[in-house]
Peer 1: 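Would you mind keeping the following structure in view while I ask a few things?
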Number of protein chains: 2
Amino acid sequence: MPHDHAELLKHIKADMPSDELLQDLGDLFKIFGDTTRIKIMYALYEDEMCVCAIADLLGMTQSAISHQLKVLKAANLVESRRDGKTIYYRLADEHVKSIIAQGYEHITE
Amino acid sequence: MPHDHAELLKHIKADMPSDELLQDLGDLFKIFGDTTRIKIMYALYEDEMCVCAIADLLGMTQSAISHQLKVLKAANLVESRRDGKTIYYRLADEHVKSIIAQGYEHITE
DNA sequence: GTATCATATGAACGATTGCTCATATGTTCA
DNA sequence: TGAACATATGAGCAATCGTTCATATGATAC
(Lines give C-alpha, C1' and ligand atoms only; values in the text may rest on other atoms or scores of the structure.)
Protein backbone atom coordinates (compact mmCIF):
# COMPACT_ATOMS: atom_id res chain seq x y z
CA MET A 1 0.00 0.00 0.00
CA PRO A 2 1.49 3.38 -0.99
CA HIS A 3 2.04 5.72 1.90
CA ASP A 4 -0.52 8.28 2.92
CA HIS A 5 -0.14 12.06 3.28
CA ALA A 6 -3.72 13.18 3.49
CA GLU A 7 -3.11 14.96 6.79
CA LEU A 8 -0.04 16.83 5.57
CA LEU A 9 -1.71 17.85 2.33
CA LYS A 10 -4.74 19.23 4.11
CA HIS A 11 -2.58 21.82 5.89
CA ILE A 12 -0.48 22.74 2.90
CA LYS A 13 -3.47 23.07 0.62
CA ALA A 14 -4.97 25.54 3.04
CA ASP A 15 -1.86 27.71 2.86
CA MET A 16 -1.57 27.69 -0.95
CA PRO A 17 -2.79 30.70 -2.92
CA SER A 18 -5.59 30.11 -5.42
CA ASP A 19 -4.89 28.34 -8.69
CA GLU A 20 -5.76 31.51 -10.51
CA LEU A 21 -3.17 33.55 -8.64
CA LEU A 22 -0.52 30.88 -9.13
CA GLN A 23 -1.32 30.91 -12.83
CA ASP A 24 -0.92 34.69 -12.95
CA LEU A 25 2.36 34.41 -11.09
CA GLY A 26 3.66 31.89 -13.61
CA ASP A 27 2.53 34.10 -16.47
CA LEU A 28 4.38 37.04 -14.97
CA PHE A 29 7.66 35.17 -14.65
CA LYS A 30 7.24 33.74 -18.13
CA ILE A 31 7.63 37.29 -19.38
CA PHE A 32 10.95 37.64 -17.56
CA GLY A 33 11.99 34.30 -19.04
CA ASP A 34 13.18 35.58 -22.38
CA THR A 35 16.57 37.09 -23.08
CA THR A 36 15.25 39.74 -25.45
CA ARG A 37 12.73 41.00 -22.92
CA ILE A 38 15.32 40.93 -20.14
CA LYS A 39 17.63 43.01 -22.33
CA ILE A 40 14.88 45.49 -23.05
CA MET A 41 14.14 45.89 -19.36
CA TYR A 42 17.83 46.33 -18.60
CA ALA A 43 18.08 48.94 -21.35
CA LEU A 44 15.26 50.87 -19.67
CA TYR A 45 16.79 50.45 -16.22
CA GLU A 46 18.11 54.01 -16.00
CA ASP A 47 16.02 55.97 -18.46
CA GLU A 48 13.28 55.82 -21.08
CA MET A 49 14.18 54.90 -24.64
CA CYS A 50 12.49 54.91 -28.04
CA VAL A 51 11.74 51.73 -29.96
CA CYS A 52 14.33 52.18 -32.67
CA ALA A 53 17.07 52.90 -30.12
CA ILE A 54 16.28 49.63 -28.35
CA ALA A 55 16.32 47.81 -31.69
CA ASP A 56 19.69 49.35 -32.49
CA LEU A 57 21.05 48.48 -29.07
CA LEU A 58 20.05 44.83 -29.29
CA GLY A 59 20.83 44.49 -32.99
CA MET A 60 17.30 43.31 -33.65
CA THR A 61 14.41 44.18 -35.94
CA GLN A 62 12.08 47.03 -35.02
CA SER A 63 9.25 44.58 -35.48
CA ALA A 64 10.64 42.06 -33.03
CA ILE A 65 11.17 44.75 -30.39
CA SER A 66 7.71 46.16 -30.95
CA HIS A 67 6.14 42.74 -30.44
CA GLN A 68 8.01 42.28 -27.19
CA LEU A 69 7.18 45.75 -25.94
CA LYS A 70 3.54 44.91 -26.47
CA VAL A 71 3.94 41.85 -24.24
CA LEU A 72 5.75 43.87 -21.58
CA LYS A 73 3.10 46.58 -21.68
CA ALA A 74 0.24 44.08 -21.41
CA ALA A 75 1.84 42.84 -18.17
CA ASN A 76 2.21 46.39 -16.84
CA LEU A 77 5.97 46.07 -16.81
CA VAL A 78 6.57 49.06 -19.09
CA GLU A 79 4.71 52.27 -19.91
CA SER A 80 5.02 54.56 -22.90
CA ARG A 81 4.55 58.14 -23.99
CA ARG A 82 4.41 59.60 -27.47
CA ASP A 83 6.50 62.57 -28.63
CA GLY A 84 5.70 63.31 -32.24
CA LYS A 85 6.50 60.24 -34.32
CA THR A 86 8.58 58.73 -31.57
CA ILE A 87 7.28 56.59 -28.72
CA TYR A 88 9.34 56.36 -25.57
CA TYR A 89 9.13 53.35 -23.26
CA ARG A 90 10.09 53.20 -19.59
CA LEU A 91 9.83 50.68 -16.76
CA ALA A 92 6.45 50.78 -15.08
CA ASP A 93 7.51 50.40 -11.44
CA GLU A 94 10.15 49.32 -8.99
CA HIS A 95 9.05 45.68 -8.91
CA VAL A 96 10.61 45.16 -12.29
CA LYS A 97 13.97 46.24 -10.96
CA SER A 98 13.75 44.26 -7.74
CA ILE A 99 12.66 41.06 -9.48
CA ILE A 100 15.59 41.33 -11.85
CA ALA A 101 17.92 42.19 -8.97
CA GLN A 102 16.86 39.10 -7.01
CA GLY A 103 17.42 36.87 -10.02
CA TYR A 104 20.79 38.49 -10.60
CA GLU A 105 21.78 37.72 -7.02
CA HIS A 106 20.78 34.09 -7.31
CA ILE A 107 22.92 33.65 -10.40
CA THR A 108 26.01 35.56 -9.37
CA GLU A 109 26.29 34.37 -5.79
CA MET B 1 17.24 60.00 -42.63
CA PRO B 2 16.39 57.96 -39.53
CA HIS B 3 17.40 59.56 -36.29
CA ASP B 4 20.68 58.77 -34.61
CA HIS B 5 21.29 57.45 -31.07
CA ALA B 6 24.89 56.35 -31.28
CA GLU B 7 25.88 58.55 -28.34
CA LEU B 8 23.08 57.32 -26.08
CA LEU B 9 23.69 53.68 -26.94
CA LYS B 10 27.38 53.93 -26.18
CA HIS B 11 26.62 54.78 -22.54
CA ILE B 12 23.86 52.22 -22.09
CA LYS B 13 25.86 49.46 -23.71
CA ALA B 14 28.64 50.08 -21.21
CA ASP B 15 26.21 49.64 -18.32
CA MET B 16 24.63 46.42 -19.61
CA PRO B 17 25.71 43.07 -18.16
CA SER B 18 27.25 40.59 -20.57
CA ASP B 19 25.07 38.72 -23.02
CA GLU B 20 25.95 35.50 -21.25
CA LEU B 21 24.70 36.75 -17.90
CA LEU B 22 21.52 38.12 -19.43
CA GLN B 23 20.95 34.75 -21.05
CA ASP B 24 21.40 33.02 -17.68
CA LEU B 25 19.00 35.47 -16.09
CA GLY B 26 16.37 34.73 -18.71
CA ASP B 27 16.90 31.00 -18.25
CA LEU B 28 16.40 31.37 -14.50
CA PHE B 29 13.12 33.23 -14.84
CA LYS B 30 11.96 30.78 -17.49
CA ILE B 31 11.96 28.19 -14.73
CA PHE B 32 9.67 30.35 -12.59
CA GLY B 33 7.46 30.85 -15.63
CA ASP B 34 5.48 27.65 -15.35
CA THR B 35 2.46 27.11 -13.12
CA THR B 36 3.41 23.58 -12.16
CA ARG B 37 6.87 24.61 -11.02
CA ILE B 38 5.49 27.62 -9.16
CA LYS B 39 3.07 25.31 -7.36
CA ILE B 40 5.88 22.94 -6.45
CA MET B 41 7.94 25.78 -5.01
CA TYR B 42 4.95 27.07 -3.08
CA ALA B 43 4.33 23.58 -1.72
CA LEU B 44 7.90 23.52 -0.43
CA TYR B 45 7.64 27.02 0.98
CA GLU B 46 7.31 25.91 4.60
CA ASP B 47 8.78 22.45 4.67
CA GLU B 48 10.30 19.62 2.64
CA MET B 49 8.03 17.15 0.87
CA CYS B 50 8.36 13.83 -0.94
CA VAL B 51 7.66 13.45 -4.65
CA CYS B 52 4.45 11.48 -4.31
CA ALA B 53 3.02 13.98 -1.82
CA ILE B 54 3.65 16.80 -4.28
CA ALA B 55 2.03 14.76 -7.05
CA ASP B 56 -1.00 14.13 -4.83
CA LEU B 57 -1.21 17.79 -3.87
CA LEU B 58 -1.17 19.04 -7.45
CA GLY B 59 -3.26 16.17 -8.80
CA MET B 60 -0.56 15.32 -11.32
CA THR B 61 1.45 12.31 -12.40
CA GLN B 62 4.52 11.28 -10.40
CA SER B 63 6.40 11.36 -13.68
CA ALA B 64 5.42 14.91 -14.49
CA ILE B 65 6.49 16.09 -11.03
CA SER B 66 9.74 14.20 -11.22
CA HIS B 67 10.59 15.81 -14.54
CA GLN B 68 9.94 19.26 -13.13
CA LEU B 69 11.91 18.60 -9.96
CA LYS B 70 14.85 17.71 -12.16
CA VAL B 71 14.58 21.10 -13.86
CA LEU B 72 14.33 22.88 -10.51
CA LYS B 73 17.31 20.99 -9.14
CA ALA B 74 19.45 21.71 -12.20
CA ALA B 75 18.86 25.41 -11.55
CA ASN B 76 19.79 25.07 -7.88
CA LEU B 77 16.31 26.06 -6.81
CA VAL B 78 15.61 22.88 -4.83
CA GLU B 79 17.72 20.30 -3.02
CA SER B 80 16.90 16.75 -2.01
CA ARG B 81 17.71 14.07 0.53
CA ARG B 82 16.93 10.39 0.49
CA ASP B 83 15.30 8.53 3.37
CA GLY B 84 14.87 4.91 2.41
CA LYS B 85 12.75 4.67 -0.68
CA THR B 86 11.51 8.19 -0.28
CA ILE B 87 13.22 11.31 -1.58
CA TYR B 88 12.41 14.61 0.10
CA TYR B 89 12.76 17.90 -1.73
CA ARG B 90 13.14 21.36 -0.20
CA LEU B 91 13.81 24.89 -1.45
CA ALA B 92 17.51 25.54 -1.94
CA ASP B 93 17.76 29.08 -0.57
CA GLU B 94 15.98 32.28 0.34
CA HIS B 95 16.23 33.72 -3.17
CA VAL B 96 13.48 31.41 -4.30
CA LYS B 97 11.13 32.83 -1.71
CA SER B 98 12.04 36.44 -2.34
CA ILE B 99 11.71 36.15 -6.11
CA ILE B 100 8.26 34.65 -5.70
CA ALA B 101 7.35 37.25 -3.10
CA GLN B 102 8.33 40.12 -5.43
CA GLY B 103 6.25 38.64 -8.23
CA TYR B 104 3.34 38.18 -5.87
CA GLU B 105 3.54 41.84 -4.88
CA HIS B 106 3.54 43.01 -8.48
CA ILE B 107 0.41 41.02 -9.23
CA THR B 108 -1.63 41.75 -6.13
CA GLU B 109 -0.89 45.46 -5.74
C1' DG C 1 -2.49 66.16 -50.95
C1' DT C 2 2.43 63.07 -50.94
C1' DA C 3 6.71 61.43 -49.00
C1' DT C 4 9.15 59.86 -45.09
C1' DC C 5 9.99 58.32 -40.59
C1' DA C 6 8.41 55.69 -36.33
C1' DT C 7 5.81 52.20 -34.66
C1' DA C 8 2.24 48.44 -34.63
C1' DT C 9 0.24 44.21 -36.18
C1' DG C 10 -1.20 39.70 -38.42
C1' DA C 11 0.13 35.42 -40.48
C1' DA C 12 3.36 31.79 -40.83
C1' DC C 13 7.23 28.97 -39.64
C1' DG C 14 10.75 26.76 -36.83
C1' DA C 15 12.12 25.90 -32.19
C1' DT C 16 11.19 24.99 -27.52
C1' DT C 17 8.41 23.07 -23.81
C1' DG C 18 5.51 20.15 -20.63
C1' DC C 19 3.00 16.29 -20.44
C1' DT C 20 2.08 11.10 -21.14
C1' DC C 21 3.39 6.51 -21.51
C1' DA C 22 6.40 2.82 -20.95
C1' DT C 23 10.24 1.39 -18.65
C1' DA C 24 14.41 1.61 -15.76
C1' DT C 25 16.75 2.35 -11.31
C1' DG C 26 17.02 2.03 -6.45
C1' DT C 27 15.37 0.68 -1.80
C1' DT C 28 13.07 -2.22 1.64
C1' DC C 29 11.18 -6.29 3.41
C1' DA C 30 10.09 -11.05 3.46
C1' DT D 1 15.99 -14.02 -4.44
C1' DG D 2 11.50 -11.76 -5.61
C1' DA D 3 7.71 -8.55 -4.82
C1' DA D 4 6.17 -3.94 -3.81
C1' DC D 5 6.98 0.84 -3.45
C1' DA D 6 9.34 5.41 -4.67
C1' DT D 7 11.52 7.84 -8.00
C1' DA D 8 13.91 8.77 -12.48
C1' DT D 9 14.26 8.87 -17.40
C1' DG D 10 13.79 8.60 -22.61
C1' DA D 11 10.88 9.03 -26.63
C1' DG D 12 7.04 11.12 -28.75
C1' DC D 13 3.43 14.50 -29.36
C1' DA D 14 0.57 18.61 -28.91
C1' DA D 15 0.79 23.23 -27.62
C1' DT D 16 3.18 27.51 -26.94
C1' DC D 17 6.57 30.99 -28.22
C1' DG D 18 9.71 34.32 -30.69
C1' DT D 19 11.13 35.71 -34.86
C1' DT D 20 10.57 37.21 -39.80
C1' DC D 21 8.15 39.25 -43.49
C1' DA D 22 4.81 42.08 -45.43
C1' DT D 23 1.81 45.54 -44.51
C1' DA D 24 -0.93 48.88 -41.80
C1' DT D 25 -1.35 52.96 -38.81
C1' DG D 26 0.05 57.37 -37.21
C1' DA D 27 2.66 61.69 -37.21
C1' DT D 28 5.39 65.34 -39.32
C1' DA D 29 7.06 68.28 -43.03
C1' DC D 30 6.75 69.84 -47.50
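Just so you know, these numbers use all the heavy atoms, side chains as well, and skip hydrogens, waters and symmetry mates. In what follows, chains are A, B, ... by sequence order, proteins preceding strands, each numbered from 1. Nothing here was measured: the structure is a model prediction, and the numbers come from that model.
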Peer 1: Report, one pair per line, the protein and nucleotides 12-15 of chain D atoms (nitrogen or oxygen only) whose separation is under 3.5 Å.
Peer 2:
none

Peer 1: When all nucleic acid strands are considered with a 4.0 Å heavy-atom cut-off, which category describes B/Thr61: base, sugar-phosphate, or nothing?
Peer 2: sugar-phosphate

Peer 1: Side chain to side chain donor-acceptor pair (under 3.5 Å): which pairs involve residues 34-43 of chain A, sequence neighbours left out?
Peer 2: A/Arg37-A/Gln68, A/Lys39-B/Asp19

Peer 1: Using ring-ring contact (aromatic ring centres under 6.0 Å, His included) as the criterion, list what pairs up with B/Tyr89, not counting sequence neighbours.
Peer 2: none

Peer 1: Stacking between C/dT9 and A/His67, yes or no? Criterion: centroid separation under 5.5 angstrom, plane angle under 30 degrees.
Peer 2: yes

Peer 1: Could you go over nucleotides 12-18 of chain C and give all protein N or O partners under 3.5 Å, atom names and distances?
Peer 2:
from	atom 1	to	atom 2	distance (Å)
C/dG18	OP1	B/Arg37	NH1	3.3
C/dG18	OP1	B/Arg37	NH2	2.7
C/dG18	OP2	B/Arg37	NH1	3.2

Peer 1: In chain order, what residues pass the salt bridge (Lys or Arg N to Asp or Glu O under 4.0 Å) check against A/Arg81, with sequence neighbours excluded?
Peer 2: A/Glu48

Peer 1: What contact category does B/Thr86 fall into here, base, sugar-phosphate, or nothing, at under 4.0 angstrom with non-hydrogen atoms?
Peer 2: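 Touches sugar-phosphate only.
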
Peer 1: Just jot down the side-chain contact (heavy atoms from CB on, under 4.5 Å) partners of B/Cys50, sequence neighbours excluded, or say none.
Peer 2: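 Applying side-chain contact (heavy atoms from CB on, under 4.5 Å) to B/Cys50 gives A/His3, A/His5, B/Cys52, B/Ala53, B/Thr86, B/Tyr88.
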
Peer 1: Among pairs that include at least one residue of residues 88-109 of chain A, which meet salt bridge (Lys or Arg N to Asp or Glu O under 4.0 Å), considering only residues two or more places apart or in two chains?
Peer 2: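 Output for this query lists A/Glu79-A/Arg90.
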
Peer 1: Mind checking what makes salt bridge (Lys or Arg N to Asp or Glu O under 4.0 Å) contact with B/Lys13, not counting sequence neighbours?
Peer 2: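 Result, salt bridge (Lys or Arg N to Asp or Glu O under 4.0 Å) vs B/Lys13: none returned.
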
Peer 1: Would you indicate what B/Tyr89 reaches in the nucleic acid, counting non-hydrogen atoms under 4.0 angstrom: base, sugar-phosphate, or nothing?
Peer 2: sugar-phosphate

Peer 1: Along nucleotides 25-30 of chain D, 5' to 3', which nucleotides get a B, which get an S, and which get a -, given that the test is a protein heavy-atom distance under 4.0 Å?
Peer 2: -BBS--

Peer 1: Among residues 43-55 of chain A, which ones have heavy-atom contacts with DNA chain C below 4.0 Å?
Peer 2: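 Those residues are A/Cys50, A/Val51, A/Cys52.
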
Peer 1: Taking salt bridge (Lys or Arg N to Asp or Glu O under 4.0 Å) as the test, write out the residues that go with A/Asp27, two or more places apart.
Peer 2: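 Checked A/Asp27 against salt bridge (Lys or Arg N to Asp or Glu O under 4.0 Å); matches are A/Lys30.
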
Peer 1: Tell me whether the side-chain N or O atoms of A/Gln62 pair up with the base of C/dA8 as donor and acceptor below 3.5 Å, since no angle test is needed here.
Peer 2: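 Answer is yes: a donor-acceptor pair is held.
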
Peer 1: Between D/dT7, D/dA11, D/dT20, which nucleotide has the shortest distance from any of its atoms to the side chain of A/Ser63?
Peer 2: D/dT20

Peer 1: Listing request: all ring-ring contact (aromatic ring centres under 6.0 Å, His included) pairs with a residue in residues 50-75 of chain B, at least two apart in sequence or in separate chains.
Peer 2: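 Of all non-adjacent pairs touching residues 50-75 of chain B, none passes ring-ring contact (aromatic ring centres under 6.0 Å, His included).
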
Peer 1: The side chain of B/Ala64 is closest to which nucleotide in this list: C/dC19, D/dT9, D/dT19?
Peer 2: C/dC19

